[in-house]
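Per chain, numbering begins at 1; letters A, B, ... match sequence-line order. As the structure is a prediction and not an experimental result, all values here were calculated from the model.
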Amino acid sequence: MIIRASGISKRFGKLEVLKGISLEVAEGEVLCIIGPSGSGKSTLLRCLNRLEKIHDGNITILEEDIVNTKNINALRQNIGMVFQSFNLFPNYTVLENMVLAPLELKKMTRKEAEEKAIALLKKVGLEDKKDVYPHTLSGGQKQRVAIARALEMNPKIMLFDEPTSALDPEMVEEVLKVMKDLAQEGMTMVIVTHEMGFARDVADRVIFMDEGFIVEEGTAEQVFSAPKSSRCQDFLSKVLSAR
Amino acid sequence: MIHYFQLFQECLPSLLNGLSVTIIMAVFSIFLAFILGVILGIFSISDFKVLRVISNTYIYIVRGIPLMILGLFLYFGVGAVLDIRFNPLVAAIIALTINASAYMAEIFRGGIQAIDIGQTEAARSLGLGYLKTMHKVILPQAIKIMIPAFLNQFITTLKDTSILSVISVRELTLNGQIIIARNYLPFEVYSYVAAMYLVIITMLSLITKKVERRLSYDNKGKRD
């Protein structure tokens with residue numbers, strides 16, 4: 001198991017957002033986390049690379065205790081993260097965004113880093129954008145660059161925090177396609193998403209969360225076609241009928 | 001009119017002396033206040049509560065005290081208790097530094113906090129440490145936001161030097177007052193003084209505009 005979390009609890013002040021969550025992800029597995037907003041799914045994802053500190057429980061990533069590790073920066077290099085709001089660095093070009101971390105961390109020479117970056121940009125269909133600044137890109141292009149930037153570090157795990165929620169509808173597909181390709185290549189992925197069709201297509205396993213608990217868990221087929229809990233049925237009927 | 005310019009020539013040597021003291025005061029206090037302000041600004045965004053409390057208390061106290069009182073207190077009050085006679089120029093620079101550093105700390109803190117937290121999260125999740133994140137990602141963006149506010153504070157501090165005439169620093173304002181005490185021509189003399197302030201502040205603005213433009217050339221990225 002490449003990710004192992006057990007009994008994790010997290011509070012924001014008095015509000016308990018995660019109430020003893022346990023979760024395992026195998027290498028090469030694609031896990032989608034769905035659920036209503038406020039259910040704790042983004043918080044759960046952010047705990048996996050310690051952007052949020054947990055109050056109880058433990059998390060092991062790549063056999064290392066991420067809660068107590070002394071070397072969080074080294075561990076994070078193996079965990080790519082893609083955010084809802086892209087978070088590209090506006091003061092750097094696309095290429096500079098991508099090579100910044102590997103060069104600063106002395107993981108690659110400039111030549112290696114740039115070659116890899118250009119190959120990745122080609123893969124996400126944006127090699128002609130390497131020298132532009134992020135503000136000239138559309139939302140979908142920004143998110144594809146953000147994915148490429150995360151991949152540049154050769155991560156073993158990719159975390160996606162609602163990667164298409166801030167996009168205009170016509171740009172959602174181009175980002176999902178990049179993610180689909182990535183899944184087919186065998187990347188371990190944990191994806192918080194509202195794209196039910198995508199989750200159904202790509203996920204090996206789906207988790208439905210509500211009010212800080214994992215309410216339902218199973219293959220995409222099980223969760224979407226035959227949800228056991230009434231809360232999950234209710235949620236799915238709402239989001240699917242809205243489409 | 002001829003009289004006006006003749007009088008100006010007569011006053012000029014004394015006013016230039018005053019101006020040079022004003023500039024010395026401004027340069028030293030702006031420089032020292034900038035360093036102190038950045039340190040206090042770093043304290044105020046620190047994860048350590050003690051440092052935040054120190055910085056916030058300092059800013060709270062200094063912002064609540066008029067510069068003139070601070071100068072009088074240092075020069076007369078502290079001088080009397082410690083039984084030393086401050087050099088008025090030194091006391092003035094200390095007072096200005098204390099005053100301006102509080103505002104500069106706020107400018108620094110505001111600039112850093114104006115950058116979206118997502119920038120830090122993105123950099124940290126790539127594996128960059130806190131210092132590298134600050135240096136490579138946050139500061140380059142924050143500095144652009146801070147610069148106009150810092151420049152504004154530099155100009156304010158330059159003008160504030162005139163307040164320290166109350167502790168007998170022989171700067172531009174006080175030298176003007178001394179001339180007026182002799183010739184009873186406040187209209188003329190204060191107009192010279194005002195014009196000289198205007199000239200150096202214009203010069204400072206021009207320099208800073210240039211710096212601002214330079215930095216924005218180096219840094220074409222806009223915030224999205």
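- By the 6.0 Å contact criterion, CZ on B/Phe28 is open, its count of non-hydrogen atoms from other residues, nucleotides or ligands being 12 or less.
- Within the 4.5 angstrom heavy-atom criterion, no atom of A/Arg50 approaches chain B.
- Closest approach of A/Gln77 and B/Gly127 over heavy atoms only: CG-CA, 4.0 Å.
- Across B/Leu128 and A/Asn73, no two heavy atoms sit closer than the pair O-OD1, 3.7 Å.
- With a 4.5 Å cut-off on non-hydrogen atoms, A/Ile79 touches chain B through its backbone but not through its side chain.
- Between the side chain of A/Tyr92 and the backbone N or O of B/Val137, no donor-acceptor pair lies under 3.5 Å.
- Interface residue A/Phe89: backbone and side-chain heavy atoms are both found under 4.5 Å from chain B.
- Other residues, nucleotides and ligands place no more than 12 heavy atoms under 6.0 Å from the CG atom of B/Asp47.
- More than 12 heavy atoms of other residues, nucleotides or ligands sit less than 6.0 Å from atom CD of A/Glu24.
- Nearest heavy atom pair, residue B/Leu126 against residue A/Ala101, reads CB-CB, 3.9 Å.
- The closest donor-acceptor contact from the side chain of A/Asn91 to the backbone of B/Pro140 lies at 3.5 Å or more, if one exists at all.
- Using modelled atom types, no side-chain atom of B/Lys136 and backbone atom of A/Leu100 make a donor-acceptor pair closer than 3.5 Å.
- Taking every heavy atom of both residues into account, B/Arg124 and A/Arg76 meet most closely at O-CD, 3.1 Å.
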Exercise. Begin from the C-alpha positions of B/Glu121 and A/Met81 and carry the test side-chain contact (heavy atoms from CB on, under 4.5 Å) through to its verdict.
Key: CA-CA 9 Å; B/Glu121 289 179 349; A/Met81 176 113 181; over 6 Å; no

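- In the displayed structure, B/Tyr190 atom OH is contacted under 6.0 Å by more than 12 heavy atoms of other residues, nucleotides or ligands.
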